[in-house]
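Every chain is numbered from 1 and lettered A, B, ... according to where its sequence line falls, protein lines coming before strand lines.
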Protein chains: 2
Amino acid sequence: MKIEHEEIRKMFYDKCADKRLKITPQRSLIFDELSKATDHPTADAIYKRVRKTLSNISFDTVYRTLLSFTEIGIVNLVEGTGEQKRFEPNLHQHHHFRCIKCHTIYDFENDAYNDIAVPKAVQKQGVIINKRVVLEGICSKCKGK
Amino acid sequence: MKIEHEEIRKMFYDKCADKRLKITPQRSLIFDELSKATDHPTADAIYKRVRKTLSNISFDTVYRTLLSFTEIGIVNLVEGTGEQKRFEPNLHQHHHFRCIKCHTIYDFENDAYNDIAVPKAVQKQGVIINKRVVLEGICSKCKGK
DNA sequence: TTGACAAATAGGAATGATTACTATATAGTA
DNA sequence: TACTATATAGTAATCATTCCTATTTGTCAA
């Protein structure tokens, strides 16, 4: 556990250095906070969490930082249908089951999905960077509403 | 072609009657306009199109109507990463290739993707209504920017 | 280690999408 | 045809996101 945390931190430093992003206390904190998160938080949720440590951090900084992290690939934007942006750490490939009632997103891993073949027709249309399966439905909690 | 159009229209009437949605000129027009669309338009884009026919239709009506259609299943909300909501007619199952640069969404059909198996673990978490594969990457247009 | 400078930040204001409100009009039904 | 629940237009309010500016701070080269 400890070791993995160190690895993640090293990846963060390396990637930032690589992409010429300065390591600031704000960025370190935001990265740590999102790395811990398992709930696909919104920018506002992260803002509330980091304010406990850096009480005068601005929302804009949190928001911009999350978008920067997304651009350099250490954070993912979760696909959704137009609500607030939601973020997640980009630590290992996984897929989503999304409840259409409560909008909760459940992560799951699946090797078959990771290895899904890209159709030839699509290969011609561009370069594929990411493959994600989205299962939509109604979760158990909402089913028994 | 003519026949398919009639079928789509019948489906629209049946589904609205079924869900107790009144058939209004506004709704018919919005449905027709989206059915023709192949570009995953935003509510605003649909608003601009229907205004050519109903010049004083309100944006709110268009927006609410699209959301109603989504709820009764004759329209899909396109999964994205937090930009404006985008809509598409729900006429046949398909999948998406999304360019992370220009945000264009390319539709494609693929039987293998339609038939993808739902993991047991997910089956326990809820009822799956929809399966969608999202391929992300950079499209040819953006590649040669 | 220090100084210079591009990059990043806080705070707040502006923008743009979405939702809410209300008086009026209308589709569906008896 | 007349009634009634819905739907609509027009507008206002809300909320997420982005922009702006003066100030601060990492980073890098000397």
Side-chain angles (χ1 to χ4, degrees), chain A residues 9 12-33 40-72 74-75 77-87 103, chain B residues 9 12-33 40-72 74-75 77-87 103:
Chain A
R9 174 154 286 274
F12 169 63
Y13 277 99
D14 289 353
K15 204 74 186 237
C16 284
D18 196 42
K19 301 296 177 101
R20 304 288 131 86
L21 282 195
K22 293 176 179 173
I23 309 288
T24 66
Q26 290 88 342
R27 283 178 176 162
S28 293
L29 178 59
I30 291 165
F31 180 77
D32 282 349
E33 204 61 54
H40 317 89
T42 61
D44 194 61
I46 291 291
Y47 174 57
K48 290 198 174 81
R49 290 172 208 178
V50 295
R51 282 227 295 182
K52 289 175 187 166
T53 306
L54 275 177
S55 61
N56 74 333
I57 194 170
S58 75
F59 176 77
D60 186 52
T61 295
V62 175
Y63 201 88
R64 257 187 309 97
T65 298
L66 288 169
L67 292 181
S68 305
F69 287 173
T70 301
E71 275 176 31
I72 69 172
I74 61 178
V75 162
L77 258 169
V78 179
E79 71 283 350
T81 50
E83 306 83 24
Q84 270 174 279
K85 281 190 173 67
R86 289 182 168 276
F87 301 87
H103 300 121
Chain B
R9 175 155 285 275
F12 169 63
Y13 276 98
D14 289 353
K15 205 72 185 243
C16 283
D18 196 43
K19 300 298 177 97
R20 301 292 130 87
L21 283 195
K22 292 177 180 173
I23 309 287
T24 65
Q26 289 87 344
R27 283 179 176 163
S28 294
L29 179 60
I30 291 165
F31 179 77
D32 281 350
E33 205 60 55
H40 317 89
T42 61
D44 195 61
I46 290 291
Y47 174 58
K48 289 198 175 80
R49 290 172 207 178
V50 294
R51 282 227 296 183
K52 289 174 187 166
T53 305
L54 275 177
S55 61
N56 74 332
I57 193 170
S58 77
F59 176 77
D60 185 53
T61 295
V62 174
Y63 200 89
R64 257 187 308 95
T65 299
L66 288 168
L67 293 180
S68 305
F69 286 172
T70 301
E71 275 176 31
I72 69 171
I74 59 177
V75 162
L77 258 169
V78 179
E79 72 284 350
T81 50
E83 306 83 21
Q84 269 175 281
K85 282 189 172 68
R86 289 183 168 274
F87 301 87
H103 300 121

*Asks:* What does B:R64 touch in the nucleic acid at a heavy-atom separation under 4.0 angstrom: a base, only the sugar-phosphate, or nothing?
*Replies:* base
*Asks:* On DNA chain D, nearest-nucleotide positions of B:L21 versus B:S55: which is more 5'?
*Replies:*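 Per heavy-atom nearest nucleotide, the more 5' residue is B:L21.
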*Asks:* Quickly work out the B:F69 CZ to D:dA7 P distance and round it to whole Å.
*Replies:* 11 Å
*Asks:* Of the candidate nucleotides C:dA10, D:dT17, C:dT18, which contains the atom at the shortest distance from the side chain of A:K85?
*Replies:*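 For A:K85, the side-chain atoms sit closest to D:dT17.
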*Asks:* Can you tell which of D:dT17, D:dG10, C:dA10 lies closest to the side chain of A:I57?
*Replies:* C:dA10
*Asks:* Kindly say if B:S58 contacts the phosphate of D:dT11, meaning a side-chain N or O under 4.0 Å from OP1 or OP2.
*Replies:*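 It does not, given that no N or O in the side chain of B:S58 lies less than 4.0 Å from OP1 or OP2 of D:dT11.
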*Asks:* What about B:D60: does its side chain form a donor-acceptor pair under 3.5 Å with the base of C:dA20?
*Replies:* yes
*Asks:* Please tell me whether A:F12 and A:F69 form a close aromatic pair, meaning their ring centres lie under 6.0 Å apart.
*Replies:*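 Yes.
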*Asks:* With a 3.5 Å cut-off and heavy atoms only, can you find an N or O donor on one side and an acceptor on the other between the side chain of B:K22 and the base of D:dA5?
*Replies:*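 Counting by modelled atom types and ignoring angles, a donor-acceptor contact under 3.5 Å is found here.
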*Asks:* Over all heavy atoms of both residues, which pair between A:L29 and A:T53 is shortest? Give the atoms and the distance, please.
*Replies:* CD2-CB, 3.8 Å
*Asks:* Can you tell me how far C1' of D:dT18 sits from CD of B:Q84, to the nearest Å?
*Replies:*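 In whole Å, D:dT18 C1' and B:Q84 CD are 14 Å from each other.
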*Asks:* Which is more 5' along DNA chain C, the nucleotide nearest B:E83 or the one nearest B:R20? Just name the residue.
*Replies:*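 Result: B:E83.
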*Asks:* Using a cut-off of less than 4.0 Å, is there contact between a side-chain N or O of B:R27 and OP1 or OP2 of D:dA7?
*Replies:* yes
*Asks:* In whole angstrom, what separates B:F59's CZ from C:dT19's P?
*Replies:* 9 Å
*Asks:* For A:K48 and D:dA16, what is the distance between atoms NZ and C1' respectively, to the nearest whole Å?
*Replies:*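 Whole-Å distance recorded here is 12 Å.
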*Asks:* With heavy-atom distances below 4.5 Å as the criterion, would you say the side chains of A:Q26 and A:T65 are in contact?
*Replies:*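 Answer no - side chains too far apart.
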*Asks:* Which heavy atom of A:I46 sits nearest to which heavy atom of A:P41, and what is that distance?
*Replies:* CD1-CG, 3.7 Å
*Asks:* Taking OP1 and OP2 of D:dA7, is either one under 4.0 Å from a side-chain nitrogen or oxygen of B:T24?
*Replies:*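 Checking B:T24 against D:dA7: no side-chain N or O falls below 4.0 Å of OP1 or OP2.
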*Asks:* Please determine if a side-chain N or O atom of B:Y63 lies less than 4.0 Å away from the OP1 or OP2 oxygen of C:dT19.
*Replies:*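 Indeed, a polar side-chain atom of B:Y63 lies that close.
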*Asks:* How many Å lie between CG on A:L54 and P on C:dG11, as a whole number?
*Replies:*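 Roughly 11 Å, once rounded to whole Å.
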*Asks:* Provide, to the nearest angstrom, the distance between the CG atom belonging to A:N56 and the P atom belonging to D:dT24.
*Replies:*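 To the nearest whole Å, that distance equals 12 Å.
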*Asks:* Roughly how far apart are A:L67 CG and A:L77 CG, rounded to 0.5 Å?
*Replies:* 6.5 Å
*Asks:* Please report, rounded to the nearest Å, how far the P atom of D:dT18 is from the CG atom of A:D44.
*Replies:*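 So the CG-P distance, A:D44 to D:dT18, works out to 14 Å.
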*Asks:* Reckon B:L67 touches a base, only the sugar-phosphate, or nothing at all at heavy-atom distances under 4.0 Å?
*Replies:*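 Sugar-phosphate, no base atom in range.
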*Asks:* Taking the side chain of B:Q26 as its heavy atoms from C-beta onward, which of D:dT8, C:dT18, D:dT18 lies nearest to it?
*Replies:*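 Taking heavy atoms from C-beta onward, the closest nucleotide is D:dT8.
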